[in-house]
Amino acid sequence: MKTGKKLLAALIVLVMMIQVPITAFAFTTKSLFTSSTYTHQSRFKGEKIYEGIDVSKHNGVINWKKVKAAGVDFAIIRVGYRGYGGSGSLNKDVKFDDNMQGAIDAGLQVGVYFYSQAITTTEAREEADYALKYAKKYKFSLPIFYDYEFAEVSTGRLDKAWKNGKLNKSKMTANAIAFCDTVKEAGYDAMVYANKSFLESCVSHKSITDAGYKIWLAHYTTYTKFDGDFTIWQYSSKGRISGCNDGNSGYVDSNFMYGDMWEKLFVISDMKDERYTGSEITPEVVVTYNGADLKKDVDYTVKYYNNTEVGPAKVKVTGIGKYSSEGDIYMTFKIRPPAMKNYCVVSTTDSTATVSWSKNRQVDYCKVQVYKDSAWRTVARWTGSTYTVKNLRPCTGYKVRLLGVKSVDGIDYTTGYTPVFYAKTKAAKVTGLKATTTTSYIKFTWDKQINATGYKVYKYNYSTKKYSLYKTVTGGKNNSCTISGLKPNSKVRIKVRAYRTRTTGTDTGPYSDGLTAYAKPGTPELTKVYSPGTKKARLTWTSQPKVSGYQVKRSTVKDFSVDTETNTITSGNTATITTGKSGKRYYFKVRSYKYVNGKKYYSGWSNVKSVVVK
């Protein structure tokens, strides 16, 4: 018995010795916000853990000095959101500026997030640009976060797009990366926020981290079994903290952050985009520790991944020697398609320009842009190597540029724009040719043509039956030409061409349709008027050559404003006119006319004579 008691006592001591270190090294902390104890994944052992909040307008008015005094280390502040309705409008959080300035002034580490409902990569990039527009006004140390989650309502645009198959895991992953890429290209760090089920089912968290972007995990539990990489853990939406009690029943989202995200000691310097070559691309990597340059293969090793094809390539740097404890760090760089080649304008008309370029097998399509109305306009996304731009103005020089685009996993990789080259449209066919005639000259006019240097007027020679240049009218706004020194009834036919003078020569447009016009018939002179009998007047006038007849107009008033009558005389140069009354003074005038192609051309009116009829 005595021996048995000693053995039992020894076993109890041994168990206690085993249990003590297990308890001592259990990786748990107590939350500043919920007063509950949370167990952290063993991978974070040795990391410093910071506590922070994320807020929006729903948290009401926040006293940031109180928040800081209560022990909060960091805050992530909503900059804006896309509405979950069909239109998906972009909106700024009304409390963003107050919260941002207040948190910075209080001395917190600050980041911003944007609540997304993006369905396409274009929308995701639009959201990133929107977030950057307001965030860049402030200096902050944490990333810009992409908050991607369902609205969990039947009308939610993201919810519906997922349900009806418009979105899938691959497309939603591409949206997240597109947002982050846009933020990164603007010089800011980017991360993705989502809950555990969303990260596992709706996006590929591995693809996101492979692209070089960290995860902010939302999982409301005291211990998360999420097996992907994450750096921030949002563990509760019902925390409470002094200074943040006015909105949402006083609750605040609560987070753990692992490590000093704002103090990056072992880092890879930003890497420039590279061009596709068909071979493995291994750009130089600059690694620093606390600002000091490190040496490759002495302080670190480098490995490259996915570095032969267009798309995202990755660099992994592993610390060695005294830097081995730093582990692995990653950086992504883009491999863009090779530059566009042999681009040119092959032909133009007055309203089109045909552009050509060499086919690029690393490009899915070519974006054709034309500078119009003070802005670059995309006129085509073309898979071929020749495109005709339409609806251009005549006699106009247009700037043109091309951009090759290849899509990889929903992300666009571009060649970069070509240098600007020019398409110069030709003069258009002149239209609207009209004529105004007198007895001695004809004035021809036509519609003005935009940007024309001038016009060439060609006159038809009825003897040689050929057109020859009659006159060059300079100035695109001078749209008339007068042919003078004509005899009455003279026939003139012309055509007109617009032209544009350039440093390389002169572009001349096509001929207009021909127009034939006639000088007016000669104006007769009324030489004699007398009354040969009751209610009769006898007129004589000078004959005019090659006319079809004459018109005689009479009136009882000198200005012919009332009581008028017109008689047509088809032959001769005299006429006896019957008047309505006797003993009354009548006034007379005459004009000649000529028929041309069924149309009457009139001379001017003669002088006026009067007589008192018998």
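Residues: numbered from 1 along the sequence shown. These numbers come from the heavy atoms of this one structure, side chains and all, not from hydrogens, waters or symmetry mates.
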Measuring from [X]:[atom1] to [Y]:[atom2], what's the distance to the nearest 0.5 Å?
{"X": "Asp97", "Y": "Lys137", "atom1": "CG", "atom2": "NZ", "answer": "6.0 Å"}
{"X": "Asn478", "Y": "Thr472", "atom1": "CG", "atom2": "OG1", "answer": "12.5 Å"}
{"X": "Leu402", "Y": "Ser356", "atom1": "CG", "atom2": "OG", "answer": "9.5 Å"}

[X] [atom1]: over 12 foreign heavy atoms closer than 6.0 Å:
{"X": "Lys359", "atom1": "NZ", "value": "yes"}
{"X": "Trp605", "atom1": "CH2", "value": "yes"}
{"X": "Tyr441", "atom1": "OH", "value": "no"}
{"X": "Lys443", "atom1": "NZ", "value": "no"}
{"X": "Arg393", "atom1": "CZ", "value": "no"}
{"X": "Asn164", "atom1": "CG", "value": "yes"}
{"X": "Lys546", "atom1": "NZ", "value": "no"}

Min side-chain heavy-atom separation [X]-[Y] under 4.5 Å:
{"X": "Asn175", "Y": "Glu123", "value": "no"}
{"X": "Glu525", "Y": "Asn607", "value": "yes"}
{"X": "Val552", "Y": "Trp541", "value": "yes"}
{"X": "Tyr343", "Y": "Arg401", "value": "no"}
{"X": "Tyr276", "Y": "Tyr413", "value": "no"}
{"X": "Lys459", "Y": "Val492", "value": "yes"}
{"X": "Leu90", "Y": "Glu126", "value": "yes"}
{"X": "Val473", "Y": "Val496", "value": "no"}

Compute whether any side-chain donor of one residue and acceptor of the other, for [X] and [Y], lie under 3.5 angstrom apart.
{"X": "Ser603", "Y": "Arg591", "value": "no"}
{"X": "Arg585", "Y": "Ser610", "value": "yes"}
{"X": "Thr431", "Y": "Asp447", "value": "yes"}
{"X": "Ser561", "Y": "Asp559", "value": "yes"}
{"X": "Tyr601", "Y": "Asn489", "value": "no"}
{"X": "Thr578", "Y": "Lys536", "value": "yes"}
{"X": "Tyr371", "Y": "Gln369", "value": "no"}
{"X": "Lys184", "Y": "Thr332", "value": "yes"}
{"X": "Ser116", "Y": "Tyr146", "value": "yes"}

Is it true that a side-chain atom of [X] and a backbone atom of [Y] form a donor plus acceptor pair closer than 3.5 Å?
{"X": "Tyr84", "Y": "Asp159", "result": "no"}
{"X": "Thr501", "Y": "Thr453", "result": "no"}
{"X": "Arg82", "Y": "Ser87", "result": "no"}
{"X": "Asn342", "Y": "Trp357", "result": "no"}
{"X": "Thr527", "Y": "Thr540", "result": "yes"}
{"X": "Gln117", "Y": "Glu149", "result": "yes"}
{"X": "Asp350", "Y": "Pro394", "result": "no"}
{"X": "Asp507", "Y": "Arg502", "result": "no"}
{"X": "Thr348", "Y": "Lys424", "result": "yes"}
{"X": "Thr570", "Y": "Gly549", "result": "no"}

[Y] six-ring face occupied by [X] cation (under 6.0 Å, within 45°):
{"X": "Lys589", "Y": "Phe560", "value": "yes"}
{"X": "Arg554", "Y": "Tyr586", "value": "no"}
{"X": "Lys456", "Y": "Tyr499", "value": "yes"}

*Kindly assign one of parallel, tilted or perpendicular to the pair Tyr602 and Tyr593, based on the angle between their ring planes and the thresholds 30° and 60°.*
tilted
*List the steps, then state whether side-chain contact (heavy atoms from CB on, under 4.5 Å) holds for Trp446 with Cys481.*
CA-CA 9 Å; Trp446 52 87; Cys481 175; 4.0 Å; yes
Closest non-hydrogen atom pair between [X] and [Y], with its separation:
{"X": "Thr516", "Y": "Tyr518", "result": "CG2-CE1, 4.0 Å"}
{"X": "Gln544", "Y": "Tyr550", "result": "N-OH, 2.9 Å"}
{"X": "Ala135", "Y": "Phe96", "result": "CA-CZ, 4.1 Å"}
{"X": "Val557", "Y": "Tyr587", "result": "C-CD1, 3.6 Å"}
{"X": "Ile450", "Y": "Cys395", "result": "O-CB, 3.4 Å"}
{"X": "Val611", "Y": "Ser531", "result": "CG2-N, 3.9 Å"}

*asked:* So, using side chain to side chain donor-acceptor pair (under 3.5 Å) as the criterion, who are the partners of Thr414 when residues are at least two apart?
replied: Arg336
*Listed by chain and number, what are the side chain to side chain donor-acceptor pair (under 3.5 Å) partners of Thr388, not counting sequence neighbours?*
Thr354
*Establish, yes or no, whether a centroid distance under 6.0 Å links the rings of Tyr460 and Tyr462.*
yes
*asked:* Is there a side-chain contact (heavy atoms from CB on, under 4.5 Å) between Tyr134 and Asp93? Walk through the geometry before answering.
replied: CA-CA 10 Å; Tyr134 297 105; Asp93 190 300; over 6 Å; no
*Test Val400 against every option in Phe421, Trp376, Tyr422 by the side chain to side chain contact (heavy atoms under 4.5 Å, CB included) rule and name the one that passes.*
Phe421
*asked:* If you apply the rule side-chain contact (heavy atoms from CB on, under 4.5 Å), what do you find for Lys609 with Leu539, and how did you get there?
replied: CA-CA 9 Å; Lys609 285 185 177 291; Leu539 289 71; over 6 Å; no
*salt bridge (Lys or Arg N to Asp or Glu O under 4.0 Å) evaluation trace for Asp513 with Lys429*: CA-CA 9 Å; Asp513 294 335; Lys429 181 179 179 179; 2.9 Å; yes
_Apply salt bridge (Lys or Arg N to Asp or Glu O under 4.0 Å) to residues Asp563 and Lys581 and explain how you reach the verdict._
CA-CA 12 Å; Asp563 193 20; Lys581 298 178 181 179; 6.0 Å; no
*asked:* Applying side-chain contact (heavy atoms from CB on, under 4.5 Å) to Arg275 and Thr415, what does each step give before you reach the verdict?
replied: CA-CA 8 Å; Arg275 290 278 190 192; Thr415 60; 3.9 Å; yes
